[in-house]
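Okay, so here's the structure we're looking at.
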Amino acid sequence: MDLQLLIAQWSGALPPGFVRPPSLAGTAPTCAMKRCRRPCAIKKNGEYAHACQPCLDRRAASCRRRRAALTAEGGCRRCAYRKRLEGDFLCARCREDRDAERAQKRQDALDAAVIDEFAARPDRVHRASNLDLGISPWNARPKKEPSAAYWSPLPDPEPKSEQLWRHSLDDNGWRLSRH
């Protein structure tokens with residue numbers, strides 16, 4: 001599969017070089033806001049938004065004003081809804097989220113450094129080993145140990161059915177019959 005197409009599928013965006021079919025005149029959906037009949041705005045990825053651009057701008061400004069008012073009243077600087085911690089500008093939940101994000105960034109930086117260090121090492125000739133086959137000390141079969149059969153004599157080549165001495169001549173099997 002093409003790598004660019006795979007990245008586009010994962011990110012939900014169109015692959016580079018994709019040409020959209022020309023949109024038909026008048027097929028754009030109308031704005032979802034009340035009493036607005038303008039056509040919907042087009043997003044960065046080429047899809048139609050739910051509302052027109054002026055309505056989207058108005059709603060964004062309203063949200064900014066509301067968040068600023070909540071923050072001024074003592075709300076969290078990040079989410080604006082919950083009360084800030086004493087002597088802090090974040091609420092407890094946002095502080096935990098931020099700490100988790102920072103820890104993840106730190107870990108990503110460490111991982112990237114290890115990968116870069118590995119990539120900077122000179123290439124070595126690969127020496128084949130059992131590990132290439134998926135064999136390791138942890139999944140290897142145990143060594144075979146000699147059993148008692150190893151030391152015992154070989155079985156008699158004469159079949160038992162021909163060994164007439166095993167059966168009595170005058171035994172007619174009367175013990176095995178039911179009376």
Side-chain angles (χ1 to χ4, degrees), residues 1-140:
M1 183 180 258
D2 184 27
L3 181 62
Q4 294 295 334
L5 180 64
L6 194 64
I7 291 170
Q9 285 177 344
W10 279 343
S11 64
L14 292 172
F18 180 81
V19 181
R20 276 188 173 278
S23 60
L24 302 172
T27 57
T30 57
C31 180
M33 298 295 167
K34 287 181 181 177
R35 296 190 300 275
C36 182
R37 298 285 174 260
R38 287 185 286 248
C40 288
I42 297 176
K43 296 181 189 176
K44 287 180 183 175
N45 61 3
E47 297 175 2
Y48 285 111
H50 73 284
C52 63
Q53 196 59 47
C55 289
L56 290 172
D57 294 342
R58 188 177 68 246
R59 185 173 182 191
S62 169
C63 287
R64 276 196 300 273
R65 283 193 305 270
R66 188 158 146 269
R67 287 175 64 85
L70 288 171
T71 304
E73 292 173 6
C76 173
R77 282 277 212 39
R78 191 176 187 194
C79 68
Y81 295 105
R82 288 178 291 278
K83 218 47 171 164
R84 282 183 276 192
L85 291 174
E86 191 64 37
D88 199 355
F89 58 90
L90 293 178
C91 63
R93 185 166 159 189
C94 288
R95 173 163 287 288
E96 288 173 10
D97 290 350
R98 191 188 64 180
D99 292 347
E101 288 166 10
R102 284 183 176 174
Q104 186 62 48
K105 275 187 184 176
R106 227 181 347 264
Q107 189 59 48
D108 290 346
L110 290 172
D111 294 346
V114 168
I115 290 170
D116 291 344
E117 183 183 336
F118 175 77
R121 280 194 298 192
D123 291 339
R124 293 179 302 177
V125 177
H126 177 71
R127 292 195 185 91
S129 73
N130 282 340
L131 295 174
D132 300 335
L133 302 173
I135 301 170
S136 76
W138 288 274
N139 67 0

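For the side chain to side chain donor-acceptor pair (under 3.5 Å) condition, the pairs that include at least one residue of residues 111-121, sequence neighbours left out, are Gln107-Asp111. Identified under the salt bridge (Lys or Arg N to Asp or Glu O under 4.0 Å) test for residues 68-87, with sequence neighbours left out: Arg78-Glu101. Sorted by first and then second residue, the side chain to side chain donor-acceptor pair (under 3.5 Å) pairs involving residues 51-60 (not counting sequence neighbours) are Gln53-Asp57.
In terms of heavy atoms, Ala80 sits closest to Leu70 at O-CB, 3.1 Å. In plain terms, the two heavy atoms of Cys79 and Arg67 that are nearest each other are O-NH1, 3.3 Å.
Applying the side-chain contact (heavy atoms from CB on, under 4.5 Å) criterion to Arg64, with sequence neighbours excluded, gives Ala60, Ala61. Here Asp88 pairs with Arg95 under the salt bridge (Lys or Arg N to Asp or Glu O under 4.0 Å) rule; sequence neighbours left out. Residues that satisfy the side-chain hydrogen bond (donor to acceptor under 3.5 Å, both in side chains) test with Asp108, not counting sequence neighbours, are Gln104. For Asp123, there are no side-chain contact (heavy atoms from CB on, under 4.5 Å) partners at least two apart in sequence or on another chain. Taking the side-chain contact (heavy atoms from CB on, under 4.5 Å) definition, one finds that Arg37 meets it with nothing, sequence neighbours left out. Here Pro29 pairs with Cys40, Tyr48 under the side-chain contact (heavy atoms from CB on, under 4.5 Å) rule; sequence neighbours left out.
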- Task: Start with the C-alpha gap between Ser136 and Asn130, add the side-chain angles, then the distance that decides, and say whether side-chain contact (heavy atoms from CB on, under 4.5 Å) holds.
- Result: CA-CA 7 Å; Ser136 76; Asn130 282 340; over 6 Å; no

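Residues Arg93 and Cys76 have side chains not in contact (no heavy-atom distance under 4.5 Å, counting atoms from C-beta outward).
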